[in-house]
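Reading through the structure tokens given below for one structure.
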Amino acid sequence: MTLEETADRIRSMEIRGAGRIARAAAKALLAHSQSGTYQDLKSYQERMMVASEMLAGVRPTAVSLPNAVNLISKPLSLAKTLDEAKSGLEERAQAFIIHSEQAVAKIGEIGARHIRDGDVVMTHCNSEAALQCILTAHQQGMDIEVYATEVRPRNQGHITIKTLSDAGIKTNFIVDSAARYFMKEVDLCITGADAITVNGAVINKIGTSQIALAAKEARVNFLVAAETYKFAPRTILGERILIEERSADEVLPDAARATLPHVTVRNPTFDVTPAEYVDLIITEHGEIPPGMAYIIIKEHLQWDMDNLCIDYPYCEEE
Ligand SMILES: O=C(COP(=O)(O)O)[C@H](O)[C@H](O)COP(=O)(O)O
């Protein structure tokens, strides 16, 4: 697949979910690097910088995307030779893909410890990290029942219920607006994250914050399963996470809108759950309270405020 094809597939949400997007970007950078012929370091740097910048901006909210691109393309600015830059970037891309898959498995192991036999778990959207917690607990023999939301307008809940059903997990499929209605039957909520800010707020699929609010009201724990590359370093600089707003026809078809001249459709893709609604964030390095987001960004991701880059040692650690 070419770089442009990957970008198109991410843009159209054929490839979606923050972790998968990041891995797809890593694979695209790797293939792009391997497919070119280069005269010198400069020509390699130029080609790969253009590719990195293009990929990093394909979807604006999932910070896993710029974080992965930032980590992988670091050798472009540091290397002294073409070979150093090329092998450095390719090694990083490969290491990131492996690390990302291992991180999801590790999160599943840790998250599963929160799920007891007989628990009813609610999840929203389609998060491989959140689902991994449920699947791991199920594989460990826990008898679990899940409430999975529909996730309008793109219906990512259909992917979730297929995964759960294939695994043999008893699942209730509900419309998004039924989340509070059913919260009284739920023991635990687990969702994923597209971005986590320095103050521990979690940005995830639209509707997540309503579920967190209902969970808090019902005194149900609300857990977030997120790899550390979903923490947003630039929020330390006061930058905000841009919430993607997608096209109106995802919500209401063009033909119907044409008959409603006074109606404007709004279609924000994500929302912000404040830290006080989040009990724990489960990362591949263990679980943390949301208030520790600064430590993850500064010490684990090694955010360099002068050079605006991260450099967490994911390659060496695994
Ligand atoms: O909000 C979504 C996906 O949104 P979209 O469908 O718009 O990409 C997911 O909950 C997070 O990305 C985490 O997923 P994961 O744990 O798989 O990274």
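Counting starts at 1 for both ligands and their atoms, in listed order. For the single chain, residues carry numbers from 1 onward in sequence order. If you're wondering where the values come from, they're calculated on a predicted model, not measured in any experiment.
Residue-ligand proximity, Glu128 to ligand 1, at heavy-atom distances under 4.0 Å covers atoms 15 (P), 16 (O), 17 (O). Those atoms of ligand 1 that come under 4.0 Å of a heavy atom in Asp194, given as number and element, are 1 (O), 2 (C), 9 (C), 11 (C), 12 (O).
Not one N or O on the side chain of Thr171 forms a donor-acceptor pair closer than 3.5 Å with the backbone of Ser165. When atom types are taken as modelled, the side chain of Asp117 and the backbone of Asp143 share a donor-acceptor pair closer than 3.5 angstrom.
Heavy-atom separations between Lys230 and ligand 1 include at least one value shorter than 4.0 Å. The closest approach between any non-hydrogen atom of Ala130 and ligand 1 is not below 4.0 Å.
Closest protein heavy atom to atom 16 (O) of ligand 1: Ser127 OG, 2.7 Å. The single protein non-hydrogen atom nearest to atom 13 (C) of ligand 1 is Ala193 O, 3.5 Å, given as residue, atom name and distance. With respect to atom 9 (C) of ligand 1, the closest heavy atom belonging to the protein is Asn204 OD1, 3.4 Å.
Comparing Arg20, Gln156, Arg59, Met13 by heavy-atom distance to atom 8 (O) of ligand 1, the nearest is Arg59. The residue among Arg16, Arg246, Lys205 with a heavy atom at the shortest distance from atom 7 (O) of ligand 1 is Lys205.
Phe222 has its side chain within reach of Thr191: a pair of non-hydrogen atoms, C-beta onward, lies under 4.5 Å apart. Residues Tyr181 and Ile174 have side chains not in contact (no heavy-atom distance under 4.5 Å, counting atoms from C-beta outward). By the 4.5 Å heavy-atom criterion applied to side chains, Thr197 and Ile203 are counted as neighbours. Side-chain contact between Leu135 and Ile169: present, with at least one pair of heavy atoms (C-beta onward) separated by less than 4.5 Å.
Residue Gly192 places no N or O, backbone or side chain, under 3.5 Å from any N or O of ligand 1. Of the N or O atoms in Gly19, one or more lie within a sub-3.5 Å distance of an N or O in ligand 1. On a distance-only criterion, Ala18 and ligand 1 share at least one N/O pair closer than 3.5 Å.
Enclosure of atom OH in Tyr294 is not indicated, since only 12 or fewer non-hydrogen atoms of other residues, nucleotides or ligands lie within 6.0 angstrom.
A salt bridge does not link Arg113 to Glu287: none of the charged nitrogens lies less than 4.0 Å from a carboxylate oxygen.
Contacts with ligand 1 closer than 4.0 Å are made by side-chain heavy atoms of Cys125 only, the backbone lying farther away.
Classified by interplanar angle (parallel below 30°, tilted 30° to 60°, perpendicular above 60°), the ring pair His158/Phe173 is perpendicular.
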